[in-house]
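Here's the structure, in structure tokens; my notes come after.
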Amino acid sequence: PLKSLEKDLNDVKKHMNTLLASWEKDNSGVYFEKVPLKLPAEMTLSEGTQMMKPEPYELKVVDPVALILPDAGSGGEPIDMVDSDAELARQLQEQLNAED
């Protein structure tokens, strides 16, 4: 089934081996070069290189979130809402069980 691709696969393998040999040559040589302690004046940069325009960071203005639960007197939902939800779930389950 791969006979039709055999030539292409061999070409890719040969190309990858060539790349590998080149990379191994570079890697084996670059680590043996001495790191200069000082740079000549003509090789230093006069100013930094800017790759892209800076974008100012701004926080969105949002309303703060209350970190307390509303009580029954404030017009919000009652604190025992969790209990009422559990009770509603029990009633619904009883109805479903009664229908079977």
To the nearest 0.5 Å, how far apart are [atom1] in [X] and [atom2] in [Y]?
X: Q93; Y: N97; atom1: CD; atom2: CG; result: 4.5 Å
X: E6; Y: D8; atom1: CD; atom2: CG; result: 10.5 Å
X: E55; Y: K53; atom1: CD; atom2: NZ; result: 9.5 Å

Member of L9, L5, D11 meeting the side chain to side chain contact (heavy atoms under 4.5 Å, CB included) criterion with K7: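 The residue from L9, L5, D11 that satisfies side chain to side chain contact (heavy atoms under 4.5 Å, CB included) with K7 turns out to be D11.
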
All side-chain contact (heavy atoms from CB on, under 4.5 Å) counterparts of E42, not counting sequence neighbours: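 For E42 the side-chain contact (heavy atoms from CB on, under 4.5 Å) partners, ignoring immediate neighbours, are P40.
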
Contacts of L19 that satisfy side-chain contact (heavy atoms from CB on, under 4.5 Å) - sequence neighbours left out: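 L19 satisfies side-chain contact (heavy atoms from CB on, under 4.5 Å) with H15, M16, W23 only.
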
Sidechain-backbone polar pair: S28 side chain, E24 backbone, donor-acceptor under 3.5 Å: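 It does hold such a pair.
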
